[in-house]
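Please read the structure below before turning to the comments.
Labels below follow one simple rule: chain letters A, B, ... track the order of the sequence lines, proteins then strands, and each chain is numbered from 1.
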Amino acid sequence: MVDIHFVRKSMIEEQEPPAATTGVAGWIRENLFSSPLNAVLSILSIGFIVYVLSALLPWAISPTWAATSLGECREILAGHEGACWGVIRERWLQLLFGFYPKELYWRVVLDFALLIVAVAPVLFTGLPRKMLYFSAIYPFLMPWLLWGGSVWNPIAAALGFVLGYFAHKLAKPALGGLAAVILAFVVPIIWWMVLSGPVVDALGSVLPLAMETVQSRNFGGFMLSITIGVVAIAISLPIGILLALGRQSNLFIVRSLSVGFIEFIRGVPLITLLFVASTLLNIFMPPGTDFDIILRVIIMVTLFASAYMAEVVRGGLAALPKGQYEAADALGLDFWMSQRLIIMPQALKISIPGIVSTFIGVFKDTTLVSIIGLLDPIGLSTSIRADQAWNGVVWELYGFIALMFFIFCFSMSRYSMFLERKLQTGHR
Amino acid sequence: MNKTVFVGVVALAGMSASVAAAGLVDEVKTRGKLNCGVATGVPGFAAPDANGEWQGFDVAVCRAVAAAVLDDPTAVEFVPTTGKTRFTALASGEIDMLARNTTWTFSRDVDLKFDFVGVNYYDGQGFLVRKDLGVSSAKELDGATICIQTGTTTELNLADFFRINNMSYEPVPIETNAEGQQQYLAGACDSYTTDASGLAATRATFEDAAEHVILPEIISKEPLGPLVRHGDNEWADVVRWTLNALIAAEELGVTSANVAELAAAPGNNPEINRLLGTEGTLGEMLGLPADWAVKAISVAGNYGEIFEKNIGETTPIGLARGLNAQWTSGGLLYAPPFR
């Protein structure tokens, strides 16, 4: 016999969870006060943050936006502590664009806006594939927009790559693989160094399509940092990949050259390379030669970044199981095909955090150019203080520069985390 | 840009070694631009304003030379140089002249193979201290901590001064003027030492400027002037006599206001006539038009006017003429005769 005391006939309505475990209160309890130790640490940290902010905010929130000199700021503040934001109002355009002509700012803005368009299809596979054509054109469009000059210059530069491609394609059946690869390098170099100059001049005289030229000397501020950073980042990745492959190659000369280059560049501080660019090269070259200083700096920063990139990529290559290489060989793929289809996609995915942190490092390293007299944001802050109206303003300028750098670097690092999640294929 | 690469690569191959065969005067004329090295920023001497235009006392020398040679004071490519890059920039030919408050010293003139063409500012090293330190002379600074810029002549002068006076000090090395100001204000050093003009500019920015004094001792001679490379004397002459023209103009009473009038016709002062090219052939001797000095003076006036506009007592920097007055008023400025 079963003694039944209670039988529920209907389901109970769903209840709200207890108030202490949901919403703000629940989150605070879960995350900040889950244990006595946690509670103590939370209270200490909150106290510290409040302490810092209570000192910082009254300083930062200061009605000095309209001031035209440090003296005027002090009059407005009348003895109170406070930031002098007038300097940012007066000079923010200079900090962003340097001495680039005001009426041509649109070119810089357009250039960096197009950069986002060009990069997007490389990173987001969801976008139409045809956008990749624009990404291929962009490297030639970018310098033209920044420096101006004849439209034939970027076209001639691009033509070199086209020539290289055709040289490879035509020579391969006739002369064999190695000769084709060598030709693919030699033909464009001959074109760029010997032929393109006269051809550009000739085309320019027939059809003078040109934009107003802007001298490199007028580059400055964040625009200079971004230009150096972006170019170095974009070029150092392919060079780095080639160097990493070269370092693993079985060909003695290729391997020695790669190792020698990587170890030499990594053994020298960046600032030394910059001094070589700014002073030593000048002495080696005959006087009166005008080899653009920014170009020299970009080349040096690119070489520097490439060496580090090569080691990051090599790390990715080393992490791949040997079976992947053997599988590629077993499928009968040649070296470049197996790299392109099997090895690199996996190796690069593994290397993403390393690659991005190298990128961020390169971008921040561009501030070193202030030491050789280029007016990047840091260099400009010295110049701005040399205006007696702003002499003595320090924290506001550095704060602004730090904020801008933080925005760029933080977005890059978020981006890399996003990429990692997207490319996660569940090996772990 | 590709053309520049091309030129650079060709140059690296050493194929165009004869670019600089002609004199610099002609080269600047054909180029249509003067490459002038300036500081990346020294208050009153060189600084870009909000529009990116370079202003200052040193910058004015560049503009005067550009006006004399090219008849256009804006035809100057200002090349910002740091203390580390200035001499290589000049030696390598990247710049035609350097006007970057550089002290004229024996070794720079002789060993580094430069020609200082004159002095546009007589400076000297001084000490800035707080009033409440109770020091009235630099000789009372025994045992003090002193903020000092590394790699400059001021560092060496400081060591000399303390050794001569048998005193000791503790250096606080700093890299830039801004860092020096901050360290001094934060109390990291008892005294900040650099050129007296820089100290005056620094002191003028302090909220409580009256609480700080510049000690009376000037412990070094810092004749600052523009310089050019050895070996092109025609070019050195052009820069030297442009500077002298500015100085002589003040002595002779030629100003930006009356220069056009005086140059219109020969007056009764033969030296003014020779300077302004209404008499004699001085311009021709330099390889410049007869009115070269008129153009140089028209840019921003004579030496005195440039001084007053950029660093004089009416500016926030507020420097007195002192040693930089004309010799007729007890200063050291003494332009050789225009004859």
Side-chain angles (χ1 to χ4, degrees), chain A residues 69-71 74 90-91 93-94 98-100 102 143-144 146-147 149 153-154 156-157 192-193 196-197 200 215-218 220 275 278-293 295-296 370-375 379-389 391-392 394, chain B residues 1-12 14 16-20 27 37 39-52 55-56 77-82 84-89 91-94 176-179 181-182 185 201-202 204-207 229 311 315-317:
Chain A
S69 73
L70 184 59
R74 285 181 179 145
E90 192 184 295
R91 299 296 182 117
L93 276 174
Q94 198 170 56
F99 305 128
Y100 211 82
K102 276 210 171 63
W144 183 58
L146 285 182
W147 274 275
N153 281 325
W192 286 322
M193 288 184 56
S196 73
V200 165
Q215 296 294 326
S216 295
R217 280 281 161 214
N218 295 327
F275 272 119
S278 89
T279 58
L280 259 185
L281 280 182
N282 267 340
I283 290 172
F284 289 147
M285 289 189 300
T289 322
D290 181 24
F291 187 13
D292 199 304
I293 174 76
L295 209 58
R296 280 182 273 164
S370 62
I371 296 179
I372 56 169
L374 291 185
L375 295 178
L380 266 178
S381 75
T382 314
S383 305
I384 291 171
R385 266 194 305 271
D387 184 340
Q388 190 64 13
N391 193 353
V394 177
Chain B
M1 194 183 75
N2 285 299
K3 209 165 166 186
T4 338
V5 182
F6 168 66
V7 171
V9 173
V10 170
L12 273 178
S16 58
S18 59
V19 175
E27 202 188 315
T40 49
V42 173
F45 286 83
D49 66 9
N51 299 318
Q55 310 284 351
E77 192 78 50
F78 288 103
V79 179
T81 56
T82 66
K84 295 182 179 72
T85 61
R86 55 183 165 182
F87 295 127
T88 29
S92 67
E94 191 182 347
T176 63
N177 187 40
E179 193 188 339
Q181 292 181 17
Q182 290 295 311
L185 282 178
T202 297
T205 68
F206 290 169
E207 203 160 359
R229 274 187 302 283
I311 52 179
T315 65
I317 298 174

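- No donor-acceptor pair closer than 3.5 Å links the side chain of Thr85(B) to the backbone N or O of Thr81(B).
- Once rounded to the nearest 0.5 Å, the distance linking CG of Leu70(A) with CZ of Arg385(A) reads 11.5 Å.
- When every heavy atom of Gly149(A) is checked against every heavy atom of Trp144(A), the shortest pair comes out as O-NE1, 3.0 Å.
- With a 4.5 Å cut-off on non-hydrogen atoms, Glu77(B) touches chain A through its side chain but not through its backbone.
- Side-chain contact between Asp292(A) and Trp147(A): present, with at least one pair of heavy atoms (C-beta onward) separated by less than 4.5 Å.
- Proximity to chain A (any heavy atom under 4.5 Å) is restricted, for Phe78(B), to the backbone atoms N, CA, C and O.
- Put simply, of Asn218(A), Ile371(A), Ile384(A), Leu146(A), the one with the most heavy-atom pairs under 4.5 Å next to chain B is Ile371(A).
- Minimum interatomic distance between Pro316(B) and Gln388(A) (heavy atoms only, all atoms of both residues): CB-CG, 3.3 Å.
- Interface remark: Phe275(A) contributes side-chain atoms only to the contact with chain B (heavy atom separation under 4.5 Å).
- For Ala39(B), no part sits under 4.5 Å from any heavy atom of chain A, backbone or side chain.
- Neither the backbone nor the side chain of Phe87(B) has a heavy atom closer than 4.5 Å to any heavy atom of chain A.
- The most heavy-atom pairs under 4.5 Å with chain B, out of Asp387(A), Leu93(A), Leu375(A), come from Leu375(A).
- Contact annotation for Thr176(B): neither backbone nor side-chain heavy atoms come within less than 4.5 Å of a heavy atom of chain A.
- Counting heavy-atom pairs closer than 4.5 Å to chain A, the top-ranked of the candidates Pro43(B), Ala47(B), Ala178(B) is Pro43(B).
- Between chain A and the options Val79(B), Asn177(B), Thr202(B), Thr315(B), heavy-atom pairs under 4.5 Å are most frequent for Val79(B).
- Using a 4.5 Å cut-off between heavy atoms, Ser370(A) contacts chain B through its backbone alone, with no side-chain atom that close.
- No other option in Leu185(B), Val42(B), Asp49(B) has as many heavy-atom pairs under 4.5 Å with chain A as Asp49(B).
- Among Gly44(B), Pro48(B), Gly52(B), the residue with the largest count of heavy-atom pairs under 4.5 Å with chain A is Pro48(B).
- Chosen from Gln94(A), Lys102(A), Glu90(A), the residue pairing most often with chain B at heavy-atom distances under 4.5 Å is Gln94(A).
- Rounding to the nearest 0.5 Å gives a distance of 9.5 Å between OG of Ser69(A) and CZ of Arg74(A).
- Shortest non-hydrogen contact noted between Ile372(A) and Ser278(A) is CG2-OG, 3.6 Å.
- Of all non-hydrogen atoms in Trp192(A) and Ala156(A), the two that sit nearest each other are NE1-O, 3.9 Å.
- For the set Gly56(B), Ala50(B), Ala46(B), the count of heavy-atom pairs under 4.5 angstrom toward chain A peaks at Ala50(B).
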Please lay out, stage by stage, how Arg217(A) and Ile293(A) fare under the test side-chain contact (heavy atoms from CB on, under 4.5 Å). CA-CA 8 Å; Arg217(A) 280 281 161 214; Ile293(A) 174 76; 3.7 Å; yes

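- When heavy atoms are compared at a cutoff of 4.5 Å, Gln181(B) approaches chain A solely by way of its side chain, counted from C-beta outward.
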